[in-house]
Amino acid sequence: MRKLPRDFYDRDAGAVARDLLGKCLVHRAADGERIGRIVEVEAYLGPHDRAAHSSRGLTQRTRIMFGPPGHAYVYLIYGMYRCMNVVTEAEGKASAVLLRAIEPVRNVTARTQGPGLLCRAMAIDGRLNGHDLLSPEFHIADDGIRVPSIVKRPRIGVDYAGHWAKRLLRFYIRGNPYISRP
DNA sequence: CTCGGGATGCGT
DNA sequence: CGCATCCCGAGG
């Protein structure tokens, strides 16, 4: 397992999103190491992307998104679930990749289909917002698994974003049983 | 300060 | 389709 370097994240969010498929999310929580293979993601391109949180500008909530690449942007949604993003590109670009689904690998329950369930299964909470993903306790690693085929679709739940809602910025591994909405 | 709504998930 | 549950961000 090789931890992804800073350079991996310092690229276009779409490219990072596609390349994250098949990689392993590792969280060494208090009660043990949890690992899940990333099988579904969405790219959010920056302030010009009306579906992105950063399109509202730099706020207390989105400050991590405006920061340097390779950090976790974790936020609360609907008052009950967390969603985890990976910050991409240079500081100030405010682009990110939302992790939408993982396949259980180690110490993770089978209910991981969707960004909220993913965070619950991986024990990711608000304290991890802003966490450096090059750390030993929370990072993403490559174990050499190849992804055979990638499906591109419009992003989920962003109908308010006008023409941006139609962009094919959701990516998932074709045929994987852990996709949130095939 | 109020207030509307959300990158969700679950039950009906 | 309704609802849980609460922070965020806009507006007064």
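These numbers were taken from a predicted model, which means no experiment stands behind them. Letters go in sequence order (proteins before strands), and every chain restarts at 1.
Put simply, A:R82 has no side-chain N or O that comes within less than 4.0 Å of OP1 or OP2 on B:dT8. For A:T59 and C:dG9, the shortest distance from a side-chain N or O to OP1 or OP2 is below 4.0 Å.
Counting any heavy atom pair closer than 4.0 Å across all strands shown, A:G116 reaches sugar-phosphate atoms only and no base atom. Nucleic acid contact class of A:T62 (heavy atoms, under 4.0 Å, all strands): sugar-phosphate only. Among the heavy atoms of the strands, none lies under 4.0 Å from A:R155.
In this structure, B:dA7 makes no Watson-Crick or G-U wobble pair, since no nucleotide meets both defining distances under 3.5 angstrom. Nucleotide C:dT5 forms a pair with no other nucleotide shown, judged by Watson-Crick or G-U wobble geometry with both contacts under 3.5 Å.
Between A:H131 and the choices A:E137, A:H71, A:H27, the side-chain hydrogen bond (donor to acceptor under 3.5 Å, both in side chains) rule is met once, by A:E137.
The separation between A:Y73 atom OH and B:dG6 atom C1' is 11 Å, rounded to whole Å. Note: CE (A:M80) to C1' (B:dG9) measures 8 Å, nearest angstrom. Atom CE in A:M65 sits about 16 Å away from atom P in C:dC8, given to the nearest Å. Distance A:R181 CZ to B:dA7 C1': 12 Å, rounded to the nearest Å. Computed from coordinates, the A:Y78 OH to C:dA4 P distance equals 15 Å when rounded to whole Å. Rounded to an integer number of Å, the gap from OH of A:Y75 to C1' of C:dC6 is 14 Å. Distance A:L76 CG to B:dG6 C1': 10 Å, rounded to the nearest Å. When rounded to the nearest whole Å, the span between CD1 of A:I77 and C1' of B:dG4 equals 14 Å.
In this structure, A:M1 and A:V26 approach most closely via the heavy-atom pair CE-CG2, 3.9 Å.
Using a 4.5 Å cut-off between side-chain heavy atoms of Ile, Leu, Val, Met, Phe, Trp and Tyr, with links allowed through other members, A:I150 and A:I173 fall into the same hydrophobic cluster.
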Begin with the C-alpha distance, continue with both residues' side-chain angles, and end with the deciding distance and a verdict on side-chain hydrogen bond (donor to acceptor under 3.5 Å, both in side chains) for A:S95 and A:T88.
CA-CA 5 Å; A:S95 63; A:T88 58; 2.6 Å; yes
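Evaluation of A:Y44 against the base of B:dA7 yields a stacking contact (centre distance < 5.5 Å, interplanar angle < 30°). Aromatic stacking of A:Y81 on B:dT8: not satisfied for centres closer than 5.5 Å together with planes under 30 degrees.
More than 12 heavy atoms of other residues, nucleotides or ligands shown are found within 6.0 angstrom of CZ on A:R6.
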